[in-house]
A.B. asks: 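Please find one structure pasted underneath; my questions will follow.
Just so it is clear, the structure is predicted and the values come from calculations on it, not from any experiment.
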Amino acid sequence: MSLTVTRILREIKDQDYRGGRTLLAKYVRALRADLALEPRKKVTRRFETPPSREMQIDWSPYRILVGGALITVHVLGVLLAYSRKLFLGFYRDERQHTLLEGLACAFEYFDGCAFRLVLDNMSTAVLGRIGPDRKPLWHPRFTEFCRHYGCHPFACAVRHPDRKGKKEKSFRLVYDDYLKGSEYDRWDDVSVRGKIWLDGTPEVGNLRIHGTTRQVPNDAYLAERDLLIRLPSERFPVYEDAVRIVDQDSTISVAGTRYTVPATLACRTVSLRLYAHHFEVVDHFGRIAFSR
């Protein structure tokens with residue numbers, strides 16, 4: 001019963017429901033109250049930021065059914081704090097190269113990035129805190145990434161999720177209105193259907209009227225887009241470097257699976273570039289010899 005009213009309405013319309021959203025919402029509220037499902041209200045201080053000033057980012061893992069098996073999907077959410085326009089990335093892990101690739105994709109989706117990048121103390125970005133004022137010690141590669149795009153990282157105080165509360169609320173919407181109770185035939189379907197939910201379904205995701213701003217995020221974004229920091233001509237190298245030995249059968253092991261590569265690489269040591277969704281084998285000339 002924690003599904004959103006919008007999603008319930010979307011699904012029961014296919015079962016010949018003829019009523020409206022207001023009537024359904026009234027019924028759902030009463031049912032949740034009877035079942036004690038209404039969450040306690042927590043008082044927090046609301047604040048707004050000007051256009052292009054801030055992006056909020058975070059990870060959230062969920063267990064979903066893909067191909068009949070229960071697996072974990074790691075959802076990266078990147079939210080423009082002013083317009084509330086949201087980017088979603090669906091990944092198999094939260095490693096640093098996955099985070100950087102997801103952020104690079106988000107910047108390209110927004111056609112720019114905000115001045116400040118707000119995140120929690122994820123170890124792929126923050127190594128720890130130092131000094132009496134507990135300043136964050138940033139991971140050098142993450143610092144290099146932010147410098148490349150011209151944005152400034154900002155780490156929330158420990159155990160202070162309300163600082164990026166706009167992002168936390170959007171995760172609840174993603175789960176209740178998209179992921180919860182859904183099944184997928186293949187891994188790729190999670191992202192494909194997620195993009196449709198986010199930007200291709202009326203009154204949902206970036207096309208809904210936001211409860212706080214009372215604006216449609218995609219419409220509000222139009223006033224923010226031109227103020228974002230312009231992207232550099234080249235993407236930051238977001239892959240992780242690795243080394244593999246090709247056996248005499250011309251195969252290598254990546255993430256527990258063996259792949260056949262060109263025979264000219266047999267019995268050689270090769271470099272790998274590991275991305276979030278694929279990898280590349282680089283020969284000793286620096287050329288891409290294989291990609292999967």
A.B. asks: Going from CD on Glu101 to CD on Gln96, what distance comes out if it is rounded to the nearest 0.5 angstrom?
C.D. replies: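 Rounded to the nearest 0.5 Å, the CD-CD separation comes to 12.5 Å.
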
A.B. asks: Are the side chains of Tyr239 and Leu100 in touch, meaning some heavy atoms are under 4.5 Å apart?
C.D. replies: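 Not touching, per the 4.5 Å side-chain cut-off.
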
A.B. asks: Determine the sole option in Asn206, Val192, Leu207, Val174 for which the side chain to side chain contact (heavy atoms under 4.5 Å, CB included) test with Trp197 is passed.
C.D. replies: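 Testing Trp197 for a side chain to side chain contact (heavy atoms under 4.5 Å, CB included) against Asn206, Val192, Leu207, Val174 leaves exactly one candidate, Val174.
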
A.B. asks: What donor-acceptor contacts under 3.5 angstrom involve side-chain atoms of residues 61-76, with partners at least two apart or in another chain?
C.D. replies:
{"unit_1": "Tyr62", "atom_1": "OH", "unit_2": "Ser60", "atom_2": "OG", "d": "3.1"}
{"unit_1": "Tyr62", "atom_1": "OH", "unit_2": "Phe171", "atom_2": "O", "d": "3.4"}
{"unit_1": "Arg63", "atom_1": "NH1", "unit_2": "Thr72", "atom_2": "OG1", "d": "2.9"}
{"unit_1": "His74", "atom_1": "ND1", "unit_2": "Glu94", "atom_2": "OE2", "d": "2.9"}

A.B. asks: Sequence neighbours left out, what pairs pass salt bridge (charged side-chain N to carboxylate O under 4.0 Å, His left out) with at least one residue falling in residues 205-230?
C.D. replies: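 Listed by first then second residue: Asp111-Arg230.
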
A.B. asks: Going by side-chain heavy atoms closer than 4.5 Å, which hydrophobic residues are tied to Phe115, directly or by a chain of links?
C.D. replies: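 Same cluster as Phe115: nobody, lone residue.
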
A.B. asks: Could you pull out all residues at least two apart from His284 that satisfy ring pair (Phe, Tyr, Trp, His ring centres under 6.0 Å)?
C.D. replies: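 If we apply the ring pair (Phe, Tyr, Trp, His ring centres under 6.0 Å) test to His284, skipping adjacent residues, there are no hits.
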
A.B. asks: State the CG-OH distance between Leu88 and Tyr178, to the nearest 0.5 angstrom.
C.D. replies: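 Interatomic distance, Leu88 CG to Tyr178 OH, rounded to 0.5 Å: 9.0 Å.
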
A.B. asks: Taking only residues two or more places apart in sequence or in another chain, which ones pass side chain to side chain contact (heavy atoms under 4.5 Å, CB included) with Arg292?
C.D. replies: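 Partners of Arg292 by the side chain to side chain contact (heavy atoms under 4.5 Å, CB included) criterion, ordered by chain and then number, come out as Tyr259, Phe279, Phe290.
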
A.B. asks: Find the distance between NE2 (His152) and CD (Glu54) and round it off to the nearest 0.5 Å.
C.D. replies: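 Output value for this atom pair is 13.0 Å.
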
A.B. asks: Do the side chains of Gln56 and Asp58 get nearer than 4.5 Å, heavy atoms only?
C.D. replies: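 The answer is no, as the side chains (C-beta and beyond) never meet within the 4.5 Å cut-off.
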
A.B. asks: What closest approach, in Å, do Pro232 and Tyr149 show between heavy atoms, and which atom pair accounts for it?
C.D. replies: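 Closest approach of Pro232 to Tyr149: CD-CD2, 3.5 Å.
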
A.B. asks: Partners of Leu127 by side chain to side chain contact (heavy atoms under 4.5 Å, CB included), sequence neighbours excluded?
C.D. replies: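 Partners of Leu127 by the side chain to side chain contact (heavy atoms under 4.5 Å, CB included) criterion, ordered by chain and then number, come out as Leu137, His139, Pro140.
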
A.B. asks: Side chains of Phe107 and Arg235: closer than 4.5 Å at any heavy-atom pair?
C.D. replies: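 Contact flag for Phe107/Arg235 side chains = no.
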
A.B. asks: Do you know the tightest heavy-atom contact between Arg84 and Thr212?
C.D. replies: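 Arg84 and Thr212 have their closest heavy atoms at NH2-CG2, 3.9 Å.
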
A.B. asks: Does the side chain of Pro153 come within less than 4.5 Å of Thr143's, by heavy atoms?
C.D. replies: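 Sidechains of Pro153 and Thr143: no contact.
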
A.B. asks: Give a yes or no answer on whether the side chain of Thr201 reaches the backbone of Ile196 with a donor-acceptor pair at less than 3.5 Å.
C.D. replies: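 A pair under 3.5 Å: yes.
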
A.B. asks: Please give me the minimum heavy-atom distance between Leu179 and Tyr184, naming the atom from each residue.
C.D. replies: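 Smallest interatomic distance, heavy atoms only, reads CD2-OH, 3.5 Å.
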
A.B. asks: Within the side chain of Tyr221, is there an N or O that forms a donor-acceptor pair under 3.5 Å with the backbone of Phe110?
C.D. replies: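 Between the backbone of Phe110 and the side chain of Tyr221 there is a qualifying donor-acceptor contact (under 3.5 Å).
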
A.B. asks: So, for Cys113 and Leu231, which heavy atoms are closest and what is the spacing to 0.1 Å?
C.D. replies: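 So the minimum-distance heavy-atom pair works out to N-CD2, 4.4 Å.
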
A.B. asks: Determine, using the 4.5 Å side-chain heavy-atom cutoff (strictly less than), whether Val238 and Val282 are members of one ILVMFWY cluster.
C.D. replies: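 No, it is not one cluster - the side chains of Val238 and Val282 are not joined through contacts under 4.5 Å.
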
A.B. asks: So, for Thr98 and Ala276, which heavy atoms are closest and what is the spacing to 0.1 Å?
C.D. replies: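 What the structure gives for the nearest pair is CG2-CB, 3.9 Å.
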
A.B. asks: Run the side-chain hydrogen bond (donor to acceptor under 3.5 Å, both in side chains) test against Ser52 and tell me which residues pass, sequence neighbours left out.
C.D. replies: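 Ser52: no side-chain hydrogen bond (donor to acceptor under 3.5 Å, both in side chains) contacts found.
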
A.B. asks: If we only count heavy atoms from C-beta on, is the Leu173 to Leu86 side-chain gap below 4.5 Å?
C.D. replies: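 With C-beta onward as the side chain, the pair stays apart.
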
A.B. asks: To the closest 0.5 Å, what do you measure between OG (Ser182) and OH (Tyr175)?
C.D. replies: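 Here the rounded value is 9.5 Å.
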
A.B. asks: Examine Tyr109 and Phe90 and state if one hydrophobic cluster contains both, with Ile, Leu, Val, Met, Phe, Trp and Tyr joined whenever side-chain heavy atoms are less than 4.5 Å apart.
C.D. replies: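 Shared cluster, yes.
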
A.B. asks: Rounded to the nearest 0.5 Å, how far does OG1 of Thr251 lie from CD1 of Ile245?
C.D. replies: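 With rounding to 0.5 Å, CD1 (Ile245) is 12.0 Å from OG1 (Thr251).
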
A.B. asks: Nearest 0.5 Å, what's the CG-CG distance between Asn218 and Leu198?
C.D. replies: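 Here the rounded value is 7.5 Å.
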
A.B. asks: Checking Arg92 now: which residues fulfil side chain to side chain contact (heavy atoms under 4.5 Å, CB included) with it, not counting sequence neighbours?
C.D. replies: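 So Arg92 forms a side chain to side chain contact (heavy atoms under 4.5 Å, CB included) with Trp187.
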
A.B. asks: In chain order, what residues pass the ring pair (Phe, Tyr, Trp, His ring centres under 6.0 Å) check against Phe236, with sequence neighbours excluded?
C.D. replies: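 Phe145, His148.
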
A.B. asks: Under a 4.5 Å cut-off applied to non-hydrogen side-chain atoms, are Cys151 and Cys146 in contact?
C.D. replies: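 SC-SC contact between Cys151 and Cys146 confirmed.
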
A.B. asks: Who pairs with Arg53 by salt bridge (Lys or Arg N to Asp or Glu O under 4.0 Å), at least two apart in sequence or on another chain?
C.D. replies: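 Scan of Arg53 (salt bridge (Lys or Arg N to Asp or Glu O under 4.0 Å), adjacent residues dropped) gives none.
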
A.B. asks: Using the salt bridge (charged side-chain N to carboxylate O under 4.0 Å, His left out) rule, collect all pairs that involve residues 257-281, keeping only residues at least two apart or in two chains.
C.D. replies: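 Listed by first then second residue: Asp247-Arg258, Arg273-Glu280.
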
A.B. asks: Could I get the full list of side chain to side chain contact (heavy atoms under 4.5 Å, CB included) partners for Leu265, not counting sequence neighbours?
C.D. replies: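 With sequence neighbours excluded, Leu265 shows a side chain to side chain contact (heavy atoms under 4.5 Å, CB included) to Val246, Val261, Pro262, Val270, Val281, Asp283, Ala289, given in chain and number order.
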
A.B. asks: When you compare the side chain of Met55 with that of Phe154, does any pair of heavy atoms fall below 4.5 Å?
C.D. replies: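 Of all side-chain heavy-atom pairs linking Met55 with Phe154, none is under 4.5 Å.
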
A.B. asks: Compare every heavy atom of Ala220 with every heavy atom of Gln215, then report the nearest pair and how far apart it is.
C.D. replies: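 Gln215 and Ala220 have their closest heavy atoms at OE1-CB, 3.8 Å.
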
